[in-house]
**Q** 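One structure, as structure tokens, below. Some questions next.
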Amino acid sequence: MFKQSIRRLATEATVKSQQASVTSTTTPLHTAQPPKYTLAQLRTFPNLQPTTFIPLPTSFFNTHSPIRRDLLWSAAVFEADRARVGSNYVTLKADSPYSNRKLRPQKGSGRARLGDANSPHMDNEIKAHAIKGPHDWSTDLPSKMYAKAVQTALTTQYKSGNLFVIENECDFGQASVEVTQSFVSSHKLNQLNILFITEENRDRLTSSLNRFFLNEKELKKMNRRERAKAVAKVKGKVIKKDDVEVRDILKANRVFVELPALQWLIGKYSV
């Protein structure tokens with residue numbers, strides 16, 4: 001009698017445990033969905049006063065994923081290779097800039113044998129094997145990888161608090177050094193690299209930044225190549241949305257982007 005009661009209790013416990021497991025598996029799990037948007041402040045130019053918040057898609061500004069430095073490096077190399085002109089002129093042995101006459105007799109001089117002056121092993125700036133212009137140095141990179149690199153660069157600036165979305169045009173009322181000085185000093189941008197990503201060309205803004213960061217007297221003393229290098233190293237750049245690159249975004253300490261330009265970038269580089 002005692003054994004039968006114990007067996008009956010064990011059977012009832014097994015049935016109840018099976019029913020509990022069935023009900024637990026059929027009950028739906030209420031898991032929270034990740035947010036589809038993140039917020040950014042919309043500001044006015046040039047006072048940079050915030051007016052409202054705008055939603056930005058997390059599919060583009062994925063702040064929770066780690067920084068893909070491999071994609072950034074691949075995009076930077078791709079852009080640098082694409083920017084190379086490949087017009088270097090190298091003198092080869094086939095060009096024969098010197099005479100083909102033998103420099104010394106084959107025998108009788110007591111010295112080593114020596115051919116003509118076009119030999120590359122002589123100190124004559126002639127190369128045996130070299131890449132001669134015109135040459136295309138550009139390399140290939142999948143479009144999805146480059147789009148992901150643009151997303152990573154903009155997301156990095158957004159996470160660092162260095163991305164400012166402007167609701168109006170990024171342009172000054174007049175092209176003057178005083179206006180640029182007031183803007184730079186009021187926002188503490190003196191020693192920082194500034195990048196403006198605009199919808200259209202902003203001539204007054206570009207002229208003001210060039211006058212502020214470059215010395216016109218020193219530019220007049222430079223030749224064309226030195227002047228181009230000096231302009232390329234200017235800390236304040238204004239780039240149209242079509243011409244912006246990953247390297248420009250990464251070099252900047254502050255990025256000011258117009259809202260239409262940002263929307264265009266999100267639409268083009270969304271994967």
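Throughout, residue positions are numbered sequentially from 1 according to the sequence presented.
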**Q** Can you find a heavy atom in the side chain of I67 that is under 4.5 Å from one in the side chain of L72?
**A** yes
**Q** So, for L205 and C170, which heavy atoms are closest and what is the spacing to 0.1 Å?
**A** CD2-O, 3.1 Å
**Q** Considering all heavy atoms of both residues, which atom of L39 and which atom of P55 are nearest to each other, and what is their separation?
**A** CD2-CA, 4.2 Å
**Q** Show me the side-chain donor-acceptor pairs of residues 104-113 shorter than 3.5 Å, one per line, residues at least two apart or across chains.
**A**
unit_1	atom_1	unit_2	atom_2	d
R104	NH1	A112	O	2.9
Q106	OE1	K102	NZ	3.0
S109	OG	R111	N	3.4

**Q** Working to the nearest 0.5 Å, report the span between CD1 of I249 and OG1 of T155.
**A** 9.5 Å
**Q** Measure the spacing between OG of S270 and NZ of K148 and express it to the nearest 0.5 Å.
**A** 10.0 Å
**Q** Please, which pairs that meet salt bridge (charged side-chain N to carboxylate O under 4.0 Å, His left out) have at least one residue in residues 249-271, sequence neighbours excluded?
**A** R202-E258
**Q** Would you mind reporting whether I194 and K235 have side-chain heavy atoms less than 4.5 Å apart?
**A** no
**Q** What is the minimum heavy-atom distance between N118 and K93, and which atoms define it?
**A** O-CG, 3.5 Å
**Q** Examine V244 and M145 and state if one hydrophobic cluster contains both, with Ile, Leu, Val, Met, Phe, Trp and Tyr joined whenever side-chain heavy atoms are less than 4.5 Å apart.
**A** yes
**Q** Report the residues that fulfil ring-ring contact (aromatic ring centres under 6.0 Å, His included) with W137, sequence neighbours left out, ordered by chain and then residue number.
**A** H135
**Q** Does S176 offer a backbone N or O that forms a donor-acceptor pair with the side chain of S208 under 3.5 Å?
**A** yes
**Q** Say whether, by atom type as modelled, one donor and one acceptor occur between the side chain of N124 and the main chain of A117 under 3.5 angstrom.
**A** yes
**Q** State, yes or no, whether a side-chain contact exists between V246 and Y146 at a heavy-atom distance under 4.5 Å.
**A** yes
**Q** State, with a plain yes or no, whether a side-chain heavy atom of I131 is found less than 4.5 Å away from one of N88.
**A** no
**Q** Can I166 and L48 be said to form a side-chain contact (heavy atoms from CB on, under 4.5 Å), step by step?
**A** CA-CA 8 Å; I166 309 300; L48 301 183; 3.8 Å; yes
**Q** So does K127 have more than 12 non-hydrogen atoms from other groups sitting under 6.0 Å from NZ?
**A** no
**Q** Specify the closest pair of heavy atoms between N190 and S185, including all atoms of both residues, with the distance to one decimal.
**A** OD1-CA, 3.7 Å
**Q** Please give me the minimum heavy-atom distance between A130 and V90, naming the atom from each residue.
**A** CB-CG1, 3.5 Å
**Q** For E79, does its backbone N or O pair with a side-chain atom of E245 as donor and acceptor, under 3.5 Å?
**A** no
**Q** Taking V255 as the starting point, is it possible to reach I54 by hopping between hydrophobic residues whose side chains are less than 4.5 Å apart?
**A** yes
**Q** Hydrophobic cluster mates of V77, side-chain heavy atoms under 4.5 angstrom, ILVMFWY only, any path?
**A** W73
**Q** Would you please classify the geometry between the F183 ring and the F45 ring as parallel, tilted or perpendicular, with 30° and 60° separating the classes?
**A** tilted
**Q** Does L103 form a side-chain contact (heavy atoms from CB on, under 4.5 Å) with M122? I'd like the steps, not just the answer.
**A** CA-CA 12 Å; L103 295 179; M122 301 185 66; 3.7 Å; yes
**Q** Can you tell me if Q157 uses its side chain to pair, donor with acceptor, with the backbone of A252 under 3.5 Å?
**A** yes
**Q** Do N253 and N162 have side-chain atoms, one donor and one acceptor, less than 3.5 Å apart?
**A** no
**Q** Return yes if some donor-acceptor pair links the side-chain N/O of Q151 with the main-chain N/O of Y269 below 3.5 Å, else return no.
**A** yes
**Q** Would you give the length of the straight line joining atom OG1 of T38 to atom CZ of F53, rounded to the nearest 0.5 angstrom?
**A** 10.5 Å
**Q** Quick one, V257 with L154, criterion side-chain contact (heavy atoms from CB on, under 4.5 Å). Give me CA distance, side-chain angles, the key distance, then yes/no.
**A** CA-CA 10 Å; V257 55; L154 289 174; over 6 Å; no
**Q** Donor-acceptor pair, distance only, cut-off 3.5 Å: does the side chain of S182 make one with the backbone of E178?
**A** no
**Q** L262 and I239: same hydrophobic cluster, using ILVMFWY side-chain contacts below 4.5 Å?
**A** yes
**Q** Main chain of F78, side chain of D81: is a donor-acceptor contact present, judged purely on distance under 3.5 Å?
**A** no
**Q** In the single-linkage hydrophobic clustering (I, L, V, M, F, W, Y; side-chain heavy atoms under 4.5 Å), do V179 and L189 co-cluster?
**A** yes
**Q** In chain order, what residues pass the salt bridge (charged side-chain N to carboxylate O under 4.0 Å, His left out) check against E200, with sequence neighbours excluded?
**A** K240
**Q** Okay, side chain of S207, backbone of D203: is any donor-acceptor separation there less than 3.5 Å?
**A** no
**Q** Calculate, to the nearest 0.5 Å, the distance between atoms CZ and CG belonging to F213 and N193 respectively.
**A** 8.5 Å
**Q** Rounded to the nearest 0.5 Å, what separation is found between the CG atom of D242 and the CD atom of E199?
**A** 8.5 Å
**Q** With a 4.5 Å limit on heavy-atom distance, are the side chains of P34 and T58 in contact?
**A** no
**Q** Check for me, please, whether L259 and F164 land in the same ILVMFWY cluster - side-chain distances under 4.5 Å, paths through other members count.
**A** no
**Q** Is there a side-chain contact between Y89 and K132, using heavy atoms and a 4.5 Å cut-off?
**A** yes
**Q** Give me the atom names and distance for the closest heavy-atom approach of R211 to V177.
**A** CB-CG2, 3.7 Å
**Q** Hey, what do you get for OG1 (T156) to CZ (R68), rounding to the nearest 0.5 Å?
**A** 12.0 Å
**Q** Any side-chain heavy atom of Y98 within less than 4.5 Å of one from D116?
**A** no
**Q** Could you work out, with ring-ring contact (aromatic ring centres under 6.0 Å, His included) as the rule, every residue matching F60, not counting sequence neighbours?
**A** none
**Q** Is there a side-chain contact (heavy atoms from CB on, under 4.5 Å) between F196 and T206 once you walk through the steps?
**A** CA-CA 9 Å; F196 295 90; T206 305; over 6 Å; no
**Q** Indicate yes or no: at least one non-hydrogen side-chain atom of H121 is less than 4.5 angstrom from one of L114.
**A** yes
